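Per chain, numbering begins at 1; letters A, B, ... match sequence-line order. Everything numeric here is computed off the predicted structure, so don't read it as measured data.
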Protein chains: 2
Amino acid sequence: MTMRLHWSPRSPFVRKVMVAAHELGLADRIRTTRTVVAMTKPALDLLPENPLGKIPTLVLEDGTVLYDSTVICEYLDSLSGAPRLVPASGPARWAELRRHALANGLLDLLILWRNERDKAQPLPALLDAFALKTRHALAALEAEIDAIAAGPPGLAQVTIGVLGEYLDFRFGDLDWRKGHPRLAAWCADFSRRPSMRATAIVDA
Amino acid sequence: MTMRLHWSPRSPFVRKVMVAAHELGLADRIRTTRTVVAMTKPALDLLPENPLGKIPTLVLEDGTVLYDSTVICEYLDSLSGAPRLVPASGPARWAELRRHALANGLLDLLILWRNERDKAQPLPALLDAFALKTRHALAALEAEIDAIAAGPPGLAQVTIGVLGEYLDFRFGDLDWRKGHPRLAAWCADFSRRPSMRATAIVDA
């Protein structure tokens with residue numbers, strides 16, 4: 001059974017899904033459709049399948065539509081029989097989901113930060129708040145990365161790996177590795193995984 | 001075991017968690033701490049527990065911290081033995097999570113729309129995109145509400161109920177009920193539930 005994914009080469013949330021698919025051995029079942037969206041430029045052809053106009057959006061063979069990226073990842077995880085990205089229950093499940101929410105929430109923030117800073121008149125208080133939260137989130141990931149790395153590559157690791165390369169791609173000026181040596185070292189290792197290489201950001 | 005929730009009276013995501021807690025009979029185990037956040041005004045005392053500075057953030061008795069609102073709702077659901085807010089597996093699970101993502105994603109959009117429209121120089125293209133996506137999302141909910149209403153009050157129903165009252169509270173000018181009679185009727189019914197009355201928006 002093949003699935004169709006509304007995809008773009010630079011969306012970190014699309015990449016999260018594709019890295020997850022590669023980790024689960026499901027990438028060859030996903031047919032990608034290039035759908036480029038921007039906060040100010042909705043993709044009109046996407047709205048019938050996802051009224052929020054966001055990617056990734058997955059369409060199953062029977063027409064069932066799934067979003068957002070986290071729901072898609074959990075769905076893909078369910079296809080592999082025993083879940084591998086998110087533990088089925090217990091404290092390990094809540095730790096995985098909370099760590100994912102930290103990395104994923106930082107990605108959400110970075111998208112908004114990028115939109116704001118690119119405006120003719122960005123709001124200084126908003127830029128300051130984004131910078132403050134990013135500092136705290138990176139410090140939290142630095143403090144927790146050893147514990148996260150001790151487990152198998154789950155949804156949190158996938159999202160942190162995508163986050164690291166997204167920071168390089170869109171926020172090089174942040175020099176995020178400075179002050180976060182353990183996170184930087186872990187991201188460098190994770191970036192060597194086939195799932196990350198197969199989904200490398202294409203700036204075109 | 002009591003839990004501590006970073007709470008505010010007007011956050012729709014906090015309300016989603018509180019409505020879920022009432023529906024699950026767990027509200028009396030949650031101690032709320034008033035934590036007011038705004039995109040331009042991070043709550044500094046919240047950052048150690050949630051580096052992203054978002055509410056709701058739940059702190060368990062053993063110090064375990066959980067966020068975001070969806071993770072907290074799923075955690076609360078797990079305390080009731082058999083899950084009642086989100087089916088454990090199968091097509092019903094993916095439908096519930098996708099419908100929740102629709103209503104929850106619209107809430108995310110409305111928060112951003114409100115921040116943008118309140119600026120001295122809002123970006124017209126951004127306001128237009130928010131309006132377009134909101135129209136499509138409300139039309140999708142109108143088309144699907146009968147199917148959603150056929151099931152028990154799960155995470156999607158809770159979030160749609162909160163969404164309806166949030167639209168009244170912050171976007172009265174949208175007159176959202178116009179053109180969405182089934183959604184409006186369902187929301188009116190859902191608003192009568194004890195869980196919704198116990199968590200009514202306090203504008204103070």
Visitor: Write down the atom of B/Ala137, the atom of A/Leu52, and the distance for their closest heavy-atom approach.
Guide: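 Shortest heavy-atom contact: CB-CD2, 4.1 Å.
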Visitor: A side-chain contact here means heavy atoms from C-beta on lying under 4.5 Å apart; do B/Lys119 and A/Leu126 qualify?
Guide: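 Sidechains of A/Leu126 and B/Lys119: in contact.
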Visitor: Could you please spell out the steps behind the side chain to side chain contact (heavy atoms under 4.5 Å, CB included) verdict for A/Glu116 and B/Met39?
Guide: CA-CA 12 Å; A/Glu116 188 66 21; B/Met39 279 183 77; over 6 Å; no
Visitor: Contact between A/Tyr75 and B/Leu97 at the side-chain level, heavy atoms closer than 4.5 Å - yes or no?
Guide: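 Sidechains of B/Leu97 and A/Tyr75: no contact.
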Visitor: Measure B/Leu44 against the heavy atoms of chain A and call it side chain, backbone, both or neither at under 4.5 Å.
Guide: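 Side chain only.
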Visitor: Can you tell me which portion of B/Glu74 sits under 4.5 Å from chain A's heavy atoms? Options are side chain, backbone, both or neither.
Guide: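 When you check distances to chain A, atoms from both the backbone and side chain of B/Glu74 fall under 4.5 Å.
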Visitor: Please report the shortest heavy-atom distance between A/Val71 and B/Trp94, naming the atom on each side.
Guide: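 That would be O-CZ3, 4.1 Å.
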Visitor: Check whether A/Leu132 gets within reach of chain B through its side chain, its backbone, both or neither, counting any heavy atom under 4.5 Å.
Guide: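 Contact with chain B: side chain only.
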Visitor: In Å, rounded to the nearest 0.5 Å, how long is the span from CG of B/Asn50 to CG of A/Leu102?
Guide: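 Reported value, rounded in 0.5 Å steps: 7.5 Å.
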Visitor: Any chance you could measure B/Leu58, atom CG, to A/Arg98, atom CZ, to the nearest 0.5 Å?
Guide: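 Output value for this atom pair is 12.5 Å.
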Visitor: Counting only heavy atoms closer than 4.5 Å, note whether B/Arg135 contacts chain A via side chain, backbone, both or neither.
Guide: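 Contact with chain A is absent: no heavy atom of B/Arg135 under 4.5 Å.
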Visitor: Can you say whether A/Leu123 sits under 4.5 Å from chain B via the side chain, the backbone, both, or neither, judging by heavy atoms?
Guide: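 Looking at A/Leu123, just its side chain touches chain B.
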Visitor: Between A/Ala120, A/Ser78, A/Ala140, A/Pro48, which has the largest tally of heavy atom pairs under 4.5 Å with chain B?
Guide: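 With the most close heavy-atom pairs to chain B, the winner is A/Ser78.
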Visitor: Measuring from atom CG of A/Leu127 to atom OG1 of B/Thr40, what distance do you get when rounded to the nearest 0.5 angstrom?
Guide: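 A/Leu127 atom CG to B/Thr40 atom OG1 measures 11.5 Å (nearest 0.5 Å).
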Visitor: Of the backbone (N, CA, C, O) and the side chain (C-beta and beyond), which part of A/Leu112 lies under 4.5 Å from a heavy atom of chain B, both, or neither?
Guide: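 Contact with chain B is through the side chain of A/Leu112 alone.
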Visitor: Would you call B/Lys133 and A/Pro42 a side-chain contact if the rule is heavy atoms closer than 4.5 Å?
Guide: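 In short, these two side chains touch, coming nearer than 4.5 Å.
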